[in-house]
Amino acid sequence: MSERNLEQLFIKRSQQKKKTSPLNYKERLFVLSDEKISYYDYDPEKGKKKSLKGSIELEKIKCVETVIPEDNSPPERLFPFQIIYDEGPLYVFSKSDDIRKLWIRKIRHVVRFNKDLMQKYHPRFWEDGVWRCCQQAVKQAMGCQVLETRNGGFANKSHRKSRKPLPPTPEEEKPSRPLPPQPPQPPPQQGPCPGSTVIAEYSYPPMAPQDLELRKDEEYTILEMSDANWWKARDKYGKEGYIPANYVTEATSGLEKFDWYCKNMNRSQAEHLMKTENKDGGFLVRDSSKAGKYTVSVFSKAGGETVGMCKHYNICTTSQGQFYLAQSHNFSSIPDLINYHQHNSAGLVSRLKHFVSNRVESAPSPFGLGYGVWEIDPTHLTFIKELGCGQFGVVKYGKWQGQHDVAIKMIKEGSMSEDDFIEEAKVMMKLRHQNLVQLYGVCTTQRPIYIVTEFLSNGCLLTYLRETLKGPTPIHLLEMCKDVTEGMAYLESQQFIHRDLAARNCLVAANGDIKVTDFGLSRYVLDDEYTSSAGTKFPVRWSPPEVLLYCKFSSKSDIWAYGVLMWEIYTLGKMPYERLNNSEIVDKVSTGLRLYRPQLANERVYSIMSTCWREKAEERPTFEELASNVQDLLYEMQ
Ligand code: ADP
Ligand code: MG
């Protein structure tokens, strides 16, 4: 966490100390310093802060959280958050979700050791003498919702909402006009709640008896969300059952049913996707970082170049509420606008020729193979091709029930202590995060036993770094690091130690996301060369001194390995300490040798990896802190 102050213009809501006093909203310059958050009157013309209007001492803060926006909130108030201190909540409205997230994270970090941190909060506003969430009429009433995280933690975001659009680079975006009255779009991270309407982005044929079939583009009502991954829902015929939460999206913008619309996709993901498709005129529409706005991203190989370029255009709106990309062509709806530009470039680098989408190709992996299933019937598996061979034997790509992609590890007899693993698999099934390879289930009624997991079509990260990635951008490399920190921060929060984190144990999804795999599996390996720190297969190059010397594994030894993994990413897959053999590494690393700064890593990046290699385990950061540092750096780079 950097020590510098943060400054930001926000809208602040008056605090309504008396029940009946009217609310007002004023723009204030907020400054976060080491001791307090102060807010000032601001002169937009001179760009200067004027008189101090108030301040909150950091040590009095009890909670910082988002707030669900007001019904019909205007576009400038779509991203509220609350700072709760001894005088109650202070409501602040951010221009974008990214800025809001940054502030929440920074404040949580500095208040994480405060005495009176709350465990419950009110997700909606206090207004006219009642809490809008629970209708309690006492301002001091205990919160009605348990905080997902406490003490400075950051929320494990739901799998669909992990990537928020980052602010676009201004030069490439057209100047935006004031927003017309538009249906407000709630910030994406709020997500649906019971009663919400969602749209199926993919069809889902039921896998287990309690499941409900999903038909692409149809609407469903959410009934219950007690399991984060399998929601109970009702279709339009009144049929009820469980659906995989990652197959639906909340109906907010009305664009969800169009294949060219990629909700929750950021600029660099869009570029990655379009470059991978490498088609002239490839395009997609994504949420702009400005609330309620959209951006058209287009890929062009104008002039027959082999390397194409990406352009990003804001969809602008006229004062009459019409949409346009090029001034003289206005449309009453975004689909009409897209339809027009599919036939006419009219000022764009290219006509919109082919939609590019990461969803049409294949449905995401549901979280398991049906609600509550973990023992898989091996006759439901079809083997398609061999993916590789690992410590436990052959890994194959296949289908479950003929349609769902899966990876199947066929455990060579004698390579694993199977009973212990099977016991542990029940725990591992419950680990769920968008940056962890999902364990779907096991086949244990025959030999060899199978471990069935999510399949990632771009394979192992190490091979991807060495062979596939050509001229990666600094943002792309850092985003890969970020994916790993988030998956690992989740494991850390579950007190689960990976023990073999390295690029070879990460996989790459079709859209470029990175997921960590094989967590905890090394405990079940029956092979002394692998399990003994003196063995030839032991991950010496990824191990800190305390593991090499005393076999002391912890989340902090995972942190060390993460630093080495980051180094692998920035060297595009070099072997760490390539000139040294294992016993030289043990000697030199325990006496202070560290990996050098890779050419692609700047000083900031190198300092992040270096913190992972601190001699004393307790001085290394946590994954949560790493995730926050990496996110900050990414934010600055956008
Ligand atoms: P083991 O854990 O037995 O050592 P690995 O995890 O190394 O086996 O798997 C061997 C190879 O199979 C990997 O290098 C990777 O290319 C491929 N592979 C493994 N799991 C998956 C998966 N879930 N999706 C896609 N490819 C995979
Ligand atoms: Mg492996």
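Counting starts at 1 for both ligands and their atoms, following the listed order. Residues: numbered from 1 along the sequence shown.
Of the N or O atoms in F392, one or more lie within a sub-3.5 Å distance of an N or O in ligand 1. Checked by distance only, ligand 1 and K409 come closer than 3.5 Å through their nitrogen or oxygen atoms.
Between R504 and L461 there is no side-chain heavy-atom pair separated by less than 4.5 Å. Side-chain contact between E277 and H354 is absent, with no heavy-atom pair separated by less than 4.5 Å. The side-chain heavy atoms of L284 and F355, taken from C-beta on, include no pair separated by under 4.5 Å.
The aromatic rings of W260 and F258 lie parallel to each other, with less than 30° between the two planes, well short of the 60° mark. The aromatic rings of Y204 and H404 sit tilted relative to each other, their planes meeting at an angle between 30° and 60°.
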Result block: side-chain N/O donor-acceptor pairs under 3.5 angstrom for residues 550-565, not counting sequence neighbours:
{"residue": "S554", "atom": "OG", "partner": "K556", "partner atom": "N", "Å": "3.0"}
{"residue": "S554", "atom": "OG", "partner": "S557", "partner atom": "N", "Å": "3.2"}
{"residue": "K556", "atom": "NZ", "partner": "R620", "partner atom": "O", "Å": "2.8"}
{"residue": "K556", "atom": "NZ", "partner": "P621", "partner atom": "O", "Å": "3.2"}
{"residue": "S557", "atom": "OG", "partner": "S554", "partner atom": "N", "Å": "2.8"}
{"residue": "S557", "atom": "OG", "partner": "S554", "partner atom": "O", "Å": "2.8"}
{"residue": "D558", "atom": "OD1", "partner": "R499", "partner atom": "N", "Å": "3.1"}
{"residue": "D558", "atom": "OD2", "partner": "H498", "partner atom": "N", "Å": "2.7"}
{"residue": "W560", "atom": "NE1", "partner": "S543", "partner atom": "O", "Å": "3.3"}
{"residue": "Y562", "atom": "OH", "partner": "C481", "partner atom": "O", "Å": "3.3"}

Taking only distance into account, with no hydrogens and no angle test, what donor-acceptor pairs under 3.5 Å do side-chain atoms of residues 378-394 form with protein atoms, sequence neighbours excluded?
{"residue": "T379", "atom": "OG1", "partner": "D377", "partner atom": "OD1", "Å": "2.8"}
{"residue": "T379", "atom": "OG1", "partner": "D377", "partner atom": "OD2", "Å": "3.2"}
{"residue": "Q391", "atom": "NE2", "partner": "D527", "partner atom": "OD2", "Å": "3.1"}

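Nearest non-hydrogen protein atom to atom 21 (C) of ligand 1 is L507 CD1, 3.5 Å. In this structure, the protein non-hydrogen atom closest to atom 8 (O) of ligand 1 is G390 CA, 3.4 Å. For atom 18 (N) of ligand 1, the closest non-hydrogen atom of the protein is V395 CG1, 4.0 Å. For atom 26 (N) of ligand 1, the nearest non-hydrogen atom of the protein is L387 CD1, 3.5 Å. What sits closest to atom 6 (O) of ligand 1 on the protein, heavy atoms only, is D518 OD2, 3.0 Å. With respect to atom 4 (O) of ligand 1, the closest heavy atom belonging to the protein is Q391 N, 2.7 Å. With hydrogens left out, the protein atom closest to atom 11 (C) of ligand 1 is G388 CA, 3.9 Å, a heavy atom.
The option with the heavy atom closest to atom 24 (N) of ligand 1, from among L439, V394, L456, is L456.
The pair K426-E375 fails the salt-bridge criterion, with no side-chain N (NZ, NE, NH1 or NH2) lying under 4.0 Å from an Asp/Glu carboxylate O. Salt bridge status for D405 with K399: present, with a side-chain N to carboxylate O gap under 4.0 Å. Taking the charged nitrogens against the carboxylate oxygens, K232 and D211 have no contact shorter than 4.0 Å, which rules out a salt bridge.
Listed by chain and number, the protein N, O or S atoms at a distance under 2.8 Å from the Mg ion (ligand 2) are N505 OD1, D518 OD2.
Contacts with ligand 1 closer than 4.0 Å are made by no heavy atom of L521, backbone or side chain.
Using a 4.0 Å cut-off to heavy atoms of T453, the atoms of ligand 1 that qualify are 23 (N). For ligand 1 and E454, the ligand atoms under 4.0 Å from any heavy atom of the residue are 22 (C), 23 (N). Distances below 4.0 Å separate heavy atoms of C460 from the following atoms of ligand 1: 14 (O), 16 (O).
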Item to complete: Go through the steps to decide whether E418 and Y524 satisfy the test side-chain contact (heavy atoms from CB on, under 4.5 Å), and finish with yes or no.
Response: CA-CA 7 Å; E418 293 177 357; Y524 309 104; over 6 Å; no

Discussion item. Under the criterion salt bridge (Lys or Arg N to Asp or Glu O under 4.0 Å), I'd like the reasoning laid out for R215 against D235: C-alpha separation, chi angles, the key distance, then a yes or no.
Written reply: CA-CA 9 Å; R215 289 165 297 265; D235 68 12; 3.5 Å; yes

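Considering only residues two or more places apart in sequence or on other chains, Y596 meets the side chain to side chain contact (heavy atoms under 4.5 Å, CB included) condition with W567, K574, E578.
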